[in-house]
Structure formats: structure tokens, C-alpha cells
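The chains referred to below are lettered A, B, ... by the order of the sequence lines, with proteins before strands, and numbering in each begins at 1.
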Amino acid sequence: MAALRGVTKTYDELIALRDVELDLPKGAVGLLGPNGAGKSTLFRLLLGLEIPDSGTVDVLGRAMPDHTLDVLARVGYMPEDDSLFPGLNGIEQVVHAAQLSGLSATDARSRAHQALDLCGLADARYRLGASYSLGMRQRLRLAMAMAHGPELLILDEPTAGLDPEGRQQMLDLVAEIAAAGVAVVLSTHVLPDVEAVCDHVVLLSRGQVGYNGTVAGFKSGTGSRWKIRVVGDAQNLASAVRAAGLECEVEGRSVVVSAPADAAAMLWSLCVGAGVGVRAFGPLEEDMGSAFVRHLRIDDPLRRQAGAQRQGAM
Amino acid sequence: MNGATLNTRPPGQKGAVVFEPGGYARHAGARVAESQRLRMLLLVFARDQWRTTKSKIFAVFFVLSALVMAAVAIVRAKFDVQGLAVPVADQAKWVATLLHYHGLITTGLLLVGLATQVAPQIARDAHEGALLLYFSRPVLRPHYLFARWGAACLSGLGQILAPAVLLIVVLLSQYGLQPGGCPLPGAAGALWWLALLVGQALSAAAAVAMASLVALAAGAIVRNPSSAPLAFGGVILGSTAASWVAQAAWGRESAARALDLHHAMSAAWVLLSFPIDPARPPNTHAVAAAGGLVLWIALTAGAWWSLQRFLANPPLGKGRS
């Protein structure tokens, strides 16, 4: 859907993206990263708003920024900012956006009505966009981004500032669009949103790709922690595990063991040896927040680089 | 958006399309060509000029100025009252002067309109984050600028030319094809009105084009829709004030008039009217007019350069001006 090859982008002294190699697959992709990680710069490169200092950017199979007009006609973008066309009502906003993306006046009007219906703004379509509530404006911007029927939809913080109900409606809409075969790239700081909608995650950290893979892989990480829920005394198992030279913690009737990903057989034999009944056994799955923090620590490119240098020095 | 679409034609009304809500669907229809998109952008921006009640009311003043002038022309042609009727020998000169004054009034109104309606446009787009909405769609930055500029020119030209044509029609009906006192004999004299009309149109087009670009640039430089009218108005009023000060020092008939940007907007008109109004020799008015024209051209070049710089690195996002 989009590919970056050796892309570096700097602003004066600041390196926003550093030699990024990234393939964005079809489907819904969550773009994560702390503030200043380079997410906005990545979006701007995908939209042809910025030109990389080095490297190439391909979107929908076309090189940017050489084919910007062709690509942008097939891309929908919902910006993070509370931006609307000044002085237009809801339907005019969407019609204008669709026409700018290349639809004829008739098609634009037809699809604008449908997009507003889909986004639940049918009753407010003739009200000034500026008079909408924050949640309505978010949905209006989504309608503007999708009215021309894009193949790739880029959403920058679509749920920012929404109440729980509004957030859920927005996520349902995005999931529906993704299910219709539209590639969606979703940038957000709300990690459960990514879990709810996306099946692929890209983590940017300090201008480099820290993680690029499935949501399940993001949460399970390297499989280095195991959770064993026992029947009987968990302390018995904990003692056996420690005697085997592994670290573990006891959490009620569960024992969380730090062990390699291929340690399943060994852990099972420890359970048998300790004489405890096993109720549940498997790699510990983290929530998105914990996984995010862990990946930032483990996958921090600068940390990795420093580690490699230390090893080289030894 | 793949819901059923039902085409209906309610009796006695226009054709209508009823949309049934449905799920999302990709657009399978054709997309319009780039030139058509640019034309659409121009139309949207042109419509934008007339969106507010203020702009509609403002347009009335242009027509009102022509109606007042036309009333004066009719009264002075119809009523043979001592001191009111225009002597036959002075008709040509009087008509030229009347059109010149009307030009000054309408260009004054135009400048107010540009300051209040055109100058804030780019500033507002930047302030409201709309530039990102435009440039994240297939809209080239030069296309955006040309559409904004073209819309301002179309609107301004309409506001200037419509009352001018109205006034010329009234003058034609009152004074005929060759008013008394016209120094140009024969066919040349008969073409006088045509020359006046063309001169008025050229003058208006040039004035509108240059002033519109300067107004847009003022908004792009200050990047604040509230300050943009003050920036543009400040330049115009500042030039008028500077001209007055210079005239006080060097004399009213000096080239100091060239500093007055508003006065210089009718420069083309002054220059064009020489052949038909020899009573107005190539005097300081002409020098001032030519100088003012040069000043406008320099200002326009500066505006173009500023807008290019602005669009090379525009503020993308709301409140990032």
C-alpha cells in the first residue's frame, strides 16, 4: 500500500525520520509512537506535502512526490487539527472536499449526502460546520476524508477529544471502512483504539521504526514471560522455578516466570515436579499500554545502537 | 455507501435523487480532469466572495455610485438652467471628467472591498487550517493561488465594470455618439466613446488584478484574518498620507501625486484620455499617473514574491500561522 526506502527527513538540526525502511500492508495499520517520534512527518511524506532529504516514498504503487496529484485523488486524509473550510455548512464542506478530490459536482453531492448519513450527521448537514460540537466536527472530517471513495485512508488522531460513546462510534465507522477493503493508517495515542480496529502496528521511536508487525505480536512481544495459574500452593512452583535458575513472581494463584520462548516443555516438567495442578499455562499477554512502554524500552533504536557499540567495544 | 439509489421525479418539480443510507463503498465513477478541478476551485472561491450579507450590501454601493453619476448626467443634459446645463463646447471634456471621477469613486470602493473581503482570505485559510485540507487533496499550490486571485479579479472586475457600463450607456443616451466640443474630427471622433469604454475596461482590469494580488499577499504576510484588512488598508492609506505630505512640501501639481496608490489606480485612464482631451496636456497628472503605475507594478511584483515564499512553506494545520 505504501513503502518507504531509506527515508531521512530533517528540519534544520532536528532529524524527524532517520533512514526509515517501512512497508505498510493492506488492511488497518496503527501508527504508534511518543510525541516527536516522526508520525506527522511520515504522514506528510505520504501525502507529498514534504520531500524527503534522501530515500524514496511510494504510495499506492506510485512514487511521491512525482505523482502527487494522481495519488492524492485516491487518498483520504483526516488531519489531527480541528480544520474545516471556513464559512461552509456540513454538506458544502463534504461536497467541496469531494470535488477537490476529483469527483464531478453530481457525484460529489450524492456521495457527500451518503457520507454524512454514514457518519450520523444527516440531521446537521445544513448547519455551519463551525457550529458543530467537537465530536460532530471529527465525524465531519471523516466524512470529508472518505466521501470521494479513497483506496487509502489516513486518519490522524481520529478519536482525540471524543467522549466514550463518540469514540466508539468513530471506531465502528473506521472498522466498517476498513472492512470494505480500504487501507487505513490510524495514528493515535489511545492504544486500545489500535487494538480495536487494527491488525497491524508500526511503532515509531526517535524517527526510526521500532516495531512493525501484528497487534498480537506487539502484545506478546518476544514470549519471554510465561503465566502459570495453578491449583494448590503457588509458592511450591515458585521455589521449583527459582531452583531451576529462573526468575519469577507470585501473583495470587499464578506464577509469572521470565523464561525463553521455547521453555514450555521445561516449565511443564517443573510444574509436574512441584506437584501442582495446572489450570492455565501460556505466554503472558500484555495490555497495549505495557507493550507500548516495553517496546519503547527494548526497541529504542538509539538504545539498540548504543548496545551494539558496547558489544563492539568489548 | 452502497445503499440503493432511487431516481424519482416528483410531479411538477425538478428531478431529485433519494439516497438510502447504506454501508461504505468505494467510488467507482470517473474523476474529472485537472483543468475542470481548477475551474471548479475558481467557481467555489468566486462564490465565496458573495457568501456574506456584507459583501452583497457592499456591491450595492458600486451601482449606487453609477446611478448618482447618471442622475447628474441626465439633469445636466436635460435641464437648460443657467449654471447647471453643460455648454455644448464643454461636453466632451465634462464627460471625460465625469468618468474619471466615477473611476476614482469605484476604485476607492474597490480598495475597501479588497481590504475587507479579499485580504483576509488566505489568512483565514491559514488560520483555520484549511490550507492543509486543500494541499492534502490533488490541488497544486499554484492552482490554489491562481483560483484565489482569479476569483478576486472576477468579482472586483464585475463590481467596477457593471456600474461603469451603466454610466456610459446613460451618457450615450444623453450626449449621443459625439458630444459637443470633441476635438477629434470625423471617424476618430465617433470612436471616442469606444476608446473611453476600452480605456475604462483596461484601467479597471489592470487595477483590479494588481490590487487583488497585493491584498491577498497582505493576508499571507500577516497570517491573521483580523489584521489582514488593516495591513492592506494601511498600505493604501499610508501611501495617500505620504502623497499629501509630499504635495504639501512640493506643491499640489507635483509628481508627489505618484505616491498616492488610490489615485494611481486611474493612471491608465488619465493616460488614455490625453488624445481625446487635449485641454489636459501631458502635465504633472500624467507624470504622477505613470509614476503611480510603476509603484503599483513594483508592489505587485513584491506581492507575487511574498505569496510564492508563503506557499513554498505554508502553515499546515489550525493555529499554526
Side-chain angles (χ1 to χ4, degrees), chain A residues 40 43-44 47-49 68-88 92-93 96-111 113-115 117-118 122 130 141 144-151 154 173 176-182, chain B residues 1-3 5 7 17-34 36-41 43-45 47-49 51-52 120-121 123-141 143-144 147 225 313-320:
Chain A
S40 298
F43 278 169
R44 287 179 181 213
L47 293 166
L49 296 170
T68 301
L69 292 188
D70 181 37
V71 168
L72 290 184
R74 298 154 63 199
V75 171
Y77 174 57
M78 176 184 171
E80 173 191 3
D81 296 300
D82 190 16
S83 314
L84 292 175
F85 295 117
L88 302 186
E92 288 169 336
Q93 297 270 357
H96 190 33
Q99 282 191 289
L100 287 176
S101 295
L103 265 61
S104 67
T106 313
D107 283 350
R109 189 152 287 275
S110 154
R111 288 192 64 94
H113 281 288
Q114 290 170 329
D117 281 342
L118 192 64
R141 275 195 294 280
M144 289 161 71
M146 72 179 189
H148 60 289
E151 294 166 49
I154 298 175
L173 267 173
E176 185 178 342
I177 293 166
V182 178
Chain B
M1 288 186 284
N2 53 5
T5 303
N7 288 298
V17 181
V18 177
F19 305 105
E20 297 293 338
Y24 176 83
R26 295 242 296 270
H27 176 62
R31 294 182 192 274
V32 298
E34 196 179 322
Q36 210 174 331
R37 275 208 312 272
L38 179 59
R39 199 165 61 235
M40 182 273 307
L41 196 61
L43 285 175
V44 167
F45 287 163
R47 233 181 6 243
D48 202 25
Q49 310 264 331
R51 194 173 296 279
T52 62
Q121 285 175 357
R124 197 176 56 208
D125 280 348
H127 196 255
E128 296 294 319
L131 288 177
L132 180 59
L133 296 178
Y134 284 113
F135 300 145
S136 61
R137 290 179 168 78
V139 176
L140 290 175
R141 295 173 197 199
H143 285 183
Y144 168 81
N313 188 20
L316 298 173
K318 189 171 184 177
R320 295 186 186 174

[atom1]-[atom2] distance between [X] and [Y], expressed to the nearest 0.5 angstrom:
X       : Y       : atom1 : atom2 : answer
E128(B) : F85(A)  : CD    : CZ    : 12.0 Å
D81(A)  : L316(B) : CG    : CG    : 9.5 Å
R141(B) : L49(A)  : CZ    : CG    : 6.0 Å

Self-check item: salt bridge (Lys or Arg N to Asp or Glu O under 4.0 Å) partners of D107(A), counting only residues at least two apart
Solution: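 For D107(A), no residue satisfies salt bridge (Lys or Arg N to Asp or Glu O under 4.0 Å) once neighbours in sequence are set aside.
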
Quiz item: Mind checking what makes salt bridge (Lys or Arg N to Asp or Glu O under 4.0 Å) contact with R39(B), not counting sequence neighbours?
Solution: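 So R39(B) forms no salt bridge (Lys or Arg N to Asp or Glu O under 4.0 Å) with any residue.
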
Quiz item: Is chain B contacted by the side chain of A97(A), its backbone, both, or neither, given a heavy-atom distance below 4.5 Å?
Solution: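 The answer is both parts of A97(A).
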
Quiz item: At a heavy-atom separation under 4.5 Å, does M144(A) approach chain B through its side chain, its backbone, both, or neither?
Solution: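 Interface part for M144(A): both.
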
I need the minimum non-hydrogen distance between [X] and [Y], along with the two atoms involved.
X       : Y       : value
V32(B)  : L103(A) : CG1-C, 4.2 Å
L133(B) : P79(A)  : CD2-CG, 3.8 Å
F135(B) : L72(A)  : O-CD1, 3.7 Å
S101(A) : R37(B)  : C-CD, 4.4 Å

Self-check item: Worked verdict on R51(B) versus L88(A) for side-chain contact (heavy atoms from CB on, under 4.5 Å)
Solution: CA-CA 9 Å; R51(B) 194 173 296 279; L88(A) 302 186; 3.3 Å; yes

Exercise. Tell me, with the steps shown, if R47(B) and E92(A) meet salt bridge (Lys or Arg N to Asp or Glu O under 4.0 Å).
Key: CA-CA 12 Å; R47(B) 233 181 6 243; E92(A) 288 169 336; over 6 Å; no

Exercise. Name the region of V44(B), side chain, backbone, both or neither, that has any atom closer than 4.5 Å to a heavy atom of chain A.
Key: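 It is the side chain, since no backbone atom gets that close.
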
Quiz item: Does any heavy atom of chain A fall under 4.5 Å from the side chain of Q36(B), the backbone, both, or neither of them?
Solution: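 Neither part; nothing is under 4.5 Å.
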
Practice problem: For the pair F45(B) and H96(A), name the ring-plane relationship: parallel under 30°, tilted 30 to 60°, perpendicular over 60°. | Solution: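 Rings of F45(B) and H96(A): perpendicular, as their planes differ by over 60°.
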
Quiz item: So which of V75(A), L100(A), T68(A), L47(A) has the largest heavy-atom pair count under 4.5 angstrom toward chain B?
Solution: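 Max contact count across the listed options: L100(A).
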
Quiz prompt | Option that, when pairs with chain B are counted at under 4.5 Å, heavy atom only, ranks first among S104(A), A180(A), A105(A), P86(A) | solution =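 Winner by heavy-atom pair count: P86(A).
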
